[in-house]
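Shown next, in C-alpha cells, is the structure this report addresses.
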Amino acid sequence: MNGIDEKLQPILATVLHRNAGEPEFHQAVREVLESLGRVVARHPEYSDEALIERICEPERQIIFRVPWIDDNNQVRINRGFRVQFNSSLGPYKGGVRFHPSVNVGIIKFLGFEQVFKNALTGMPIGGGKGGSDFDPKGRSDREIMRFCQSFMIELHRHIGEYVDVPAGDIGVGAREIGYMFGMYKRLNNRFEAGVLTGKGLAYGGSRARKEATGFGLAYFVQSMLEKKGTDFEGKRCVVSGSGNVAIYAMEKILSFGGKIVACSDSSGYIVDENGIDLELVKQIKESRRARISEYADLKGQGCTYVKCGSVWQVPCEIALPCATQNELNGTDAKALVKNGVIVVAEGANMPCTPEAVQHFRSAGIMFAPGKAANAGGVATSALEMQQNASRDSWSFQKTEDRLAEIMRGIHAACDQTAEEFGAPGDYALGANIAGFVRVADAMRAMGII
Ligand code: NDP
C-alpha cells in the first residue's frame, strides 16, 4: 500500500476484500486514496463518519440479463450493468459502454472515476456508469436495435431525468442512444428528453455534444501549454484510438495548429508524416465503421500501418491516449519520455497504468488525468440536460463557449488545488482533491445516508 496514508490503508484493504477480482476498480480507488492523505491531514473531519468508506461503496449496483434475437433467429444472452455510485451532487450521470471486456469491476472503476469528474465540472450531477458485455462489432443495424431495446426494457425502471441519466461511451454513440431513447419513451409513454444525453439533434440533443469530449481535451491541453508559456503551433501529436474522443480531439488540435502524426484502432496504428487526413479517418471509422488499416491502403506513400504494436513508439511532443483503460504502460511511457514528450493528457478513462504515471511524474512531464481532461463530454451532457429542462436549443458557438469556459475552470481548479496542497503541477493530485472536497462537503451536509 505504498503511497497511501496510514489512516486510509484500512479503507483500501476493505475495498480489496469486498471487491475481489476487480483489479481496475482497485486501481482507481488506490489512485484516489493516494491523494487524500494530504486532505485528511489538514482536515481530519473528512475522514469522520466513514465518509471515505462511503464514497468507495456504490449506492446501488444493478446487474441484469439482456436476451435478444440475432439475424439468424438465434437467442443470445448478454449481461447488463448499471452502477449508481454517488448521488450527492445530483442524479447519477455517466455513460453506457458496450464492449466484450465489460464486467462489474470495469463499470465500478468507471463509475468511481465519474463521481470525481462530475464534481470537477461544477455541474449538479452525481456519478454512475453502465454497460454490457455485448460486442457491437459486425452486428447489423437491426441486431443493434434489438439489443438496445432489450437493454432498455430492464434499464428503464432504474433511470429518469431526476434519478439517473445515462449517455454514450465505447460502442455507444448516437445510433444506440436513439434506439434506447425510443424504447424508454414507449415504455413510459412520456417524452422525457432529459433521461438520456448524447441524443440526436432532431429530438433534444445538444449541439457540440458529439465533439465535446475531444474538444474539451484539446482545450484542457491548451491551458496546460499556456501555463508553460507555449501552445499547439507546429507540435507533433499522437492520439490513440479513432473513435468519438480521438476524432474530435484531433479536429480541435488541427484548428489550434498542432500536427497529428499517428492514431490507432484496436487492430493497429497508422503513421502519416504529412499529417493525418482527418476527413479520411472520419470516413473510414465514423461513416463506414471499418478498420484504420484502410487509411494506409488508400493513402499509399508516406503513410504506414503497423499491425498490433504500440502507437506510443511514434515520437511526439503531445501524447493523448483516447482509446481505453491501461493502454499505455511503463514501457510506452519510457519510450515517450525518451522521444521528447512534454505533455500527456488522458482522453480515455485511466488509459495510463500506475507505472506509466509514475514514470511521467519522475521525469517531470506534465500529465493530466482523464477525470479532469476528458470531463468536457459529461459537462456538455449536463448542458444538454439544461437545454432539455428549459425546452431550449443553443447554438453550436454558445455551447462550445460554455464548454471551453468549463474546461478552463477545471484546469484552474486542479492547478490551484495542487499548489495549495504542496504539489505544484500535479494535476492528478489536484483533480482528486478538488473533486473529492466538493462531493465530501455535500455528503457531510446530508448526514449518514
Ligand atoms: P469509441 O467506441 O467511439 O472509440 C474507441 C476507440 O478506441 C476505437 O477506435 C477503438 O478501436 C479503440 N480501442 C478500443 N479498445 C482498444 C484497445 N484495447 N486497444 C486499442 N484501441 C482500442 O469510444 P469513445 O471514443 O467514446 O471512448 C474512448 C475512451 O474515452 C473510453 O475510455 C471512454 O470511457 C472515454 N470517454 C468517452 C467519453 C465520450 O463522451 N464518448 C467521455 C469521457 C471519456 P476499434 O474501432 O477497433 O474498436
Side-chain angles (χ1 to χ4, degrees), residues 31 35 113 116-117 120-122 211-240 245-246 248-261 312 315-322 328 332-333 336-337 339-352 356-379 400 403-435:
E31 196 268 335
S35 304
E113 291 280 290
F116 303 98
K117 178 190 312 195
L120 280 172
T121 66
E211 295 82 356
T213 311
F215 277 23
L217 174 65
Y219 280 118
F220 194 95
V221 175
Q222 189 185 45
S223 294
M224 294 169 85
L225 292 168
E226 244 170 54
K227 177 133 178 116
K228 278 269 173 204
T230 182
D231 57 27
F232 270 108
E233 196 56 49
K235 294 213 168 46
R236 283 173 67 91
C237 307
V238 168
V239 176
S240 66
V245 179
Y248 292 98
M250 292 195 264
E251 185 165 302
K252 193 44 81 183
I253 289 169
L254 290 175
S255 81
F256 286 158
K259 182 178 181 188
I260 320 276
V261 288
W312 309 119
C316 62
E317 292 154 286
I318 297 172
L320 304 177
C322 295
L328 193 165
D332 297 323
L336 282 168
V337 172
N339 288 330
V341 77
I342 55 172
V343 171
V344 180
E346 296 184 327
N349 286 310
M350 211 170 75
C352 299
V357 177
Q358 189 46 46
H359 193 70
F360 293 139
R361 231 183 224 134
S362 45
I365 306 299
M366 285 198 285
F367 168 78
K371 62 172 78 72
N374 72 29
V378 75
E400 189 182 340
L403 165 67
E405 186 185 6
I406 291 168
M407 295 314 295
R408 283 194 276 269
I410 297 175
H411 177 271
C414 297
D415 193 35
Q416 285 159 14
T417 308
E419 185 103 30
E420 189 188 325
F421 281 86
D426 190 336
Y427 289 98
L429 183 117
N432 288 338
I433 295 182

| request: Output, in order, the C-alpha distance, side-chain angles, deciding distance and verdict of side chain to side chain contact (heavy atoms under 4.5 Å, CB included) for S35 and F421. | output: CA-CA 10 Å; S35 304; F421 281 86; over 6 Å; no
Shortest non-hydrogen contact from [X] to [Y]?
X	Y	result
A373	A345	CB-CB, 4.4 Å
N374	G347	ND2-O, 2.9 Å
A428	P369	CA-CG, 3.7 Å
V341	V343	CG2-O, 3.5 Å
G234	E317	O-OE1, 4.3 Å

| task | Indicate the ring-plane relationship of Y427 and F220, choosing parallel, tilted or perpendicular according to the 30° and 60° boundaries. | result | perpendicular
Given 3.5 Å as the limit, does a donor-acceptor pair link the side chain of [X] with the main chain of [Y], or not?
X	Y	answer
K235	D231	yes
T213	G376	no
R236	V261	no

| query | Hey, mind stepping through N349 and K117 against side chain to side chain contact (heavy atoms under 4.5 Å, CB included) and telling me if it holds? | reply | CA-CA 10 Å; N349 286 310; K117 178 190 312 195; 2.8 Å; yes
| task | Step by step, work out the side chain to side chain contact (heavy atoms under 4.5 Å, CB included) result for L336 and F360. | result | CA-CA 9 Å; L336 282 168; F360 293 139; 4.0 Å; yes
Could you check if a side-chain atom of [X] sits within less than 4.5 angstrom of a side-chain atom of [Y], using non-hydrogen atoms only?
X	Y	result
L328	E346	no
Q222	E226	yes
C322	L217	yes
K227	M224	no
E211	L403	no
P321	V344	yes
V221	I253	no
L225	I318	yes

| query | Can a salt bridge be assigned to the pair K371 and E31 using a cut-off of 4.0 Å between side-chain N and carboxylate O? | reply |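 A salt bridge links K371 with E31.
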Please report the interatomic distance [atom1]([X]) to [atom2]([Y]), rounded to the nearest 0.5 Å.
X	Y	atom1	atom2	answer
I260	E251	CD1	CD	10.5 Å
D415	I410	CG	CD1	13.5 Å
L120	M407	CG	CE	9.5 Å

| said: If the test is side-chain contact (heavy atoms from CB on, under 4.5 Å), which one of V245, V239, L320 qualifies with M250? | reply: V239
| request: Evaluate ring pair (Phe, Tyr, Trp, His ring centres under 6.0 Å) for Y219 paired with F256, printing each intermediate quantity in order. | output: CA-CA 9 Å; Y219 280 118; F256 286 158; 5.6 Å; yes
